[in-house]
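Taking it in order: structure first as structure tokens, then the write-up.
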Protein chains: 2
Amino acid sequence: MLHPTIDPKAERKIVATGLPASPGAASGEIVFSSEDAETAKAAGKAVILVRIETSPDDIHGMNVAEGILTTRGGMTSHAAVVARGMGKPCVSGAGTIRIDYKTEKMTAGGVEFSKGDIITIDGAAGQVLQGEIAMQKPELSGEFQALMGWADAIRRMAVRANAETPQDARIARQFGAEGIGLCRTEHMFFEGDRIIAVREMILADDEAGRRKALAKLLPMQRSDFAELFEIMSGLPVTIRLLDPPLHEFLPQSDEEIAEVAASMGVSADALKRRAAELHEFNPMLGFRGCRLAIAFPEIAEMQARAIFEGAIAAGKQTGRVVTPEIMVPLVIAKAEFDLVRATIDQMAQTVAKETGETIPYHVGTMIELPRACLRAAEIAETAEFFSFGTNDLTQTGLGISRDDAASFLGRYTAKGILPADPFVTIDQDGVGELVEIAAERGRKTRPDIKLGICGEHGGDPHSIAFCEKIGLSYVSCSPFRVPIARLAAAQAALAKKGD
Amino acid sequence: MLHPTIDPKAERKIVATGLPASPGAASGEIVFSSEDAETAKAAGKAVILVRIETSPDDIHGMNVAEGILTTRGGMTSHAAVVARGMGKPCVSGAGTIRIDYKTEKMTAGGVEFSKGDIITIDGAAGQVLQGEIAMQKPELSGEFQALMGWADAIRRMAVRANAETPQDARIARQFGAEGIGLCRTEHMFFEGDRIIAVREMILADDEAGRRKALAKLLPMQRSDFAELFEIMSGLPVTIRLLDPPLHEFLPQSDEEIAEVAASMGVSADALKRRAAELHEFNPMLGFRGCRLAIAFPEIAEMQARAIFEGAIAAGKQTGRVVTPEIMVPLVIAKAEFDLVRATIDQMAQTVAKETGETIPYHVGTMIELPRACLRAAEIAETAEFFSFGTNDLTQTGLGISRDDAASFLGRYTAKGILPADPFVTIDQDGVGELVEIAAERGRKTRPDIKLGICGEHGGDPHSIAFCEKIGLSYVSCSPFRVPIARLAAAQAALAKKGD
């Protein structure tokens, strides 16, 4: 309802089908790399980014593309998740398409396409179509607004959005988000000069070197946060400290390594060695989340300073008090949370002393590992809020990597072993029980603890009904899903009353 | 007490130190590859396998080496875990040593060593020493036997061993193991002709192709099992169905791929393509365990047939009834277990019909994922035993990859965030609670359910005390740890009585 769709009267020349990974339709010239997507976009062209699969390196290309097409990966692959987050059409896992990056050609349905040829993708149907096709634009009609008004009057849970860019934050507000439930700060680290400073930090030999690089990042992070706080103007904003493993920020291929090394003035060998050192067998279970803040407190310090200084700046700009909610990711123990919290509290005092401004703030944690659910009573002694990271909780609770699930998960739902894709609809019997245990134990220690959900499930109606049942305070989802979440929260509230 | 040690009067010329990853001492010529280890061993030489880190491909080299030295990896790295399992000395993470595989040289403590130079490692002290050093052999004295006798009279829990080779099974019996708690069938897949058949199966385009390759594996698996059952002569043997992701069986480097492709008569490109298809971002959370049996039931069928036919053969040989315990790994739901169990039950009937022999057997599951702990009541409806796979339960419960933990886990124990390395001593507050939940729920459905543990923790005294506390039936550990487990089980039983 909220995305452009293909005109129902238009003729469709389908050349391949894949999974309907993110709704909406888009036409554009084929590009096979994120660099080409950016160049074409800069030249005013609309492009469809076509990749075998996408990785965090492709964020830029995805950002400028009208739509994304991959030949590998399921409903929960990187391409699918990021596209849904961006509100862009995506067809994933179109396995019959053969891509040749070298010759910049692909074949689909017996047709050979070259870079620059135009295709259309229908992300709701999972179709890949030849040529440009007529579209219908969505209209946010008065009826839509009325419906949303009714929903808002009925629902109990707040609805927030997962957003980090000013663009996403504005869309979220347009769609009625009542705050940001998850700002993934690492997404701010990829642009322009930042990625260079991030890489300098990673390659630094010691704390002094890391601090030097972090000092370059500070003003950029500060203005990021200030802008976000301004857009959200007094609404709550939950900022998660750096989460992914550091190797995600380093170049991977030999060409990229050579390029980055040259631009940084370091040897390609040194860069390769550091990348090899940081390589992990299971990055999902590796050196990430607050493990980074425990090892390198200076990173959390810089982020906390940027948050507090950004909040003060935005407060002056908007005339409203900004109360940042700082979220520590991947916690497994109270002692671990307390160490990171101490760094944040210390920085709050430092900034208060330097500026003479008092900064209201909350520090809480993402509950996303089974052990955190079990130790929730202790963690809640010092954590002021819990946000359930149900993506990672699903990965660890079920032992299923989201990025690798495509090879077997389909069989699991087809055979009824699992009632639904657990990354789309929360697995109530497993992950749901973990969430319930954590909510119950957390409330026992801190009866008024704020509980939310910020995994992909925050935008899924079935999962939202579960969140209502166990009494969460809010759900947070990608901006384009906010209207659906508002409706679903109202339906869930009605259903609960009916019980 | 059970391993050779360095003569206390000998002079030690230490060139590097690392972690005391597996006790005992050994001297030998340096080799830098598993192939060289095998060649040298075949020529009657004693070797120390020196690697930056080891992978499952190195199992052969590790098997023939007197000891293993790595420059990377912690107490729970692949090298450390496998070496402890094999009862071989290992020093891991000796970070100051620089290895150059190309020139086949390493530098340690300012000394350059070439392939063939002799070093000694002391796995109890974590030391690397230049040259050969005098050793003392252990003696299993009469006092030792008396002590063990007292322990056996006191302890309640049975002690089994994790073993798959005849050699390990014999050592296990010598040390007093009362059965095999974990036979990892994949370890049987790497040798000689087997790995070729395994690779044929993986590369097969369809079920028919897989069945053809599996038919070649069947006689080898059958004789493996028959031999194991004979050695254990009537004692219980728990056999786990194929567990690791299939890509572990494919060659990785370009040279190996070319070699394997040539020997198999397939193109290197086809082999590479299949390896790329099977590549996983987080193999630990990927397409493995019973997910393989769900996708390719023919693999479980072949293994079940080999187990039943092997049991019949061994029963005739020894005159004792063999009752195999077949274990389904990585279960998350009852429906999943039931599908695999149906394949096994069906094969039991087929073999009974073909041979006219009734085969007593039990089918149970490895409880190694948080969701399995929570769903234990249902799973116990059809699973006759649970064996707690606490390695994987630690990985998922805490969100920590064993292979990647070295980069941050040291800080966690040093700062007191975790009381001990959770891969060495069970994390009672997290993993322990999951085990307790599973035991309680499993017993509710099936009061006499047999409960054991087969993770690394089965050989750790603190963890054994926990197993006694929650009333497990047995612990299973690597053969060399069996005597310690017998003692620890006795101490735990005494302590419990004292409470």
Side-chain angles (χ1 to χ4, degrees), chain A residues 52 72 78 245 276-289 291-292 294-295 330 332-336 338-339 368-375 378 392-393 395-409 411-412 415-418 422 427 429-431 433-434 437, chain B residues 52 55 72 78 245 276-289 291-292 294-295 330 332-336 338-339 368-375 378 392-393 395-405 407-409 411-412 415-418 422 427 429-431 433-434 437:
Chain A
I52 296 172
R72 226 150 77 173
H78 179 268
E277 274 171 20
L278 289 172
H279 170 264
E280 295 188 307
F281 295 102
N282 297 289
M284 158 65 206
L285 309 174
F287 188 17
R288 50 169 288 232
R291 296 164 194 174
L292 295 169
I294 298 285
L330 214 72
I332 55 172
K334 175 178 183 287
E336 183 187 31
D338 287 350
L339 279 171
E368 51 188 331
L369 292 173
R371 192 184 201 272
C373 297
L374 299 174
R375 308 316 298 166
E378 285 160 26
D392 277 6
L393 201 53
Q395 297 197 84
T396 49
L398 275 63
I400 298 179
S401 162
R402 196 170 66 169
D403 292 323
D404 303 309
S407 56
F408 58 89
L409 198 54
R411 274 190 208 92
Y412 271 62
K415 285 181 194 278
I417 295 171
L418 293 172
D427 159 44
D429 286 347
V431 174
E433 185 176 354
L434 287 171
I437 289 172
Chain B
I52 296 171
S55 76
R72 228 152 74 173
H78 178 268
E277 273 171 23
L278 289 172
H279 170 264
E280 296 188 309
F281 295 102
N282 296 289
M284 158 64 208
L285 309 174
F287 188 16
R288 50 169 289 232
R291 296 163 194 174
L292 295 168
I294 297 284
L330 215 74
I332 55 171
K334 176 179 181 286
E336 183 187 32
D338 288 349
L339 279 170
E368 51 188 333
L369 291 173
R371 193 183 200 272
C373 296
L374 298 174
R375 308 316 300 164
E378 285 160 25
D392 277 6
L393 200 53
Q395 296 199 86
T396 48
L398 276 63
I400 298 179
S401 162
R402 196 170 66 169
D403 291 324
D404 303 308
S407 56
F408 58 90
L409 198 54
R411 274 190 208 94
Y412 270 62
K415 285 181 193 278
I417 295 171
L418 293 171
D427 160 42
D429 286 348
V431 174
E433 185 176 355
L434 287 170
I437 289 172

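Sequence lines set the chain letters: A, B, ... in the order given, protein chains first and strands last, and positions in each chain run from 1.
- Contacts between B/Ile400 and chain A at a heavy-atom distance below 4.5 Å involve backbone atoms as well as side-chain atoms.
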Is there a side chain to side chain contact (heavy atoms under 4.5 Å, CB included) between A/Tyr412 and B/Ile294 once you walk through the steps? CA-CA 8 Å; A/Tyr412 271 62; B/Ile294 297 284; 3.6 Å; yes
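- Judged purely by atom type and a 3.5 angstrom limit, A/Glu378 has no side-chain atom pairing as donor or acceptor with the backbone of A/Arg375.
- Only the side chain of A/Arg411 comes within less than 4.5 Å of a heavy atom in chain B; its backbone stays farther off.
- Heavy-atom pairs under 4.5 Å with chain B were tallied for A/Asp403, A/Leu398, A/Val431, A/Leu409; the largest tally goes to A/Leu398.
- Contacts of A/Arg402 with chain B are absent, with no heavy-atom separation under 4.5 Å from either backbone or side chain.
- The CG atom of B/Asp404 sits 8.0 Å away from the NE2 atom of A/His279 when rounded to the nearest 0.5 Å.
- Nearest heavy atoms, A/Gln395 versus A/Asp392: NE2-OD1, 3.0 Å.
- A/Leu369 touches chain B through backbone and side chain together, each having a heavy atom under 4.5 Å away.
- Contact annotation: the side chain of A/Phe287 never approaches that of A/Pro245 to less than 4.5 Å [non-hydrogen atoms, C-beta and beyond].
- Chain A forms more heavy-atom pairs under 4.5 Å with one residue of B/Ala333, B/Gly397, B/Ala405 than with any other, namely B/Gly397.
- In this structure, the portion of A/Leu339 lying under 4.5 Å from any heavy atom of chain B is its side chain and not its backbone.
- With a 4.5 angstrom heavy-atom cutoff, A/Ala295 touches chain B via backbone and side-chain atoms both.
- Ranked by heavy-atom pairs under 4.5 Å with chain B, the list A/Gly416, A/Ser407, A/Cys373 is led by A/Ser407.
- Of the atoms belonging to B/Arg288, not a single heavy atom falls under 4.5 Å from chain A.
- Interface remark: B/Asp427 contributes side-chain atoms only to the contact with chain A (heavy atom separation under 4.5 Å).
- For a residue to count as touching a neighbouring chain, one of its non-hydrogen atoms must lie under 4.5 Å from one of that chain's; by this rule A/Leu278 does not touch chain B.
- Neither the backbone nor the side chain of B/Lys334 comes within contact range of chain A; no heavy atom of the residue lies under 4.5 Å from a heavy atom of that chain.
- Contact record, B/Arg291 with B/Leu330: CZ-CD2, 3.6 Å, taken as the closest heavy-atom pair.
- Interface summary for chain A: among B/Ala372, B/Pro283, B/Ala335, B/Gly289, the most heavy-atom pairs under 4.5 angstrom belong to B/Pro283.
- A donor-acceptor distance shorter than 3.5 angstrom exists from the side chain of A/Asn282 to the backbone of B/Met284, with no hydrogens or angles considered.
- Between B/Leu374 and A/Gly430 the shortest heavy-atom distance is CD1-O, 3.4 Å.
- Residues A/Thr396 and A/Pro370 approach most closely at OG1-CD, 3.2 Å, considering heavy atoms.
- Only the side chain of B/Leu418 comes within contact range of chain A, with at least one heavy atom under 4.5 Å from a heavy atom of that chain.
- Here the side chain of B/Arg371 pairs a donor or acceptor atom with the backbone of B/Ile332 at under 3.5 angstrom.
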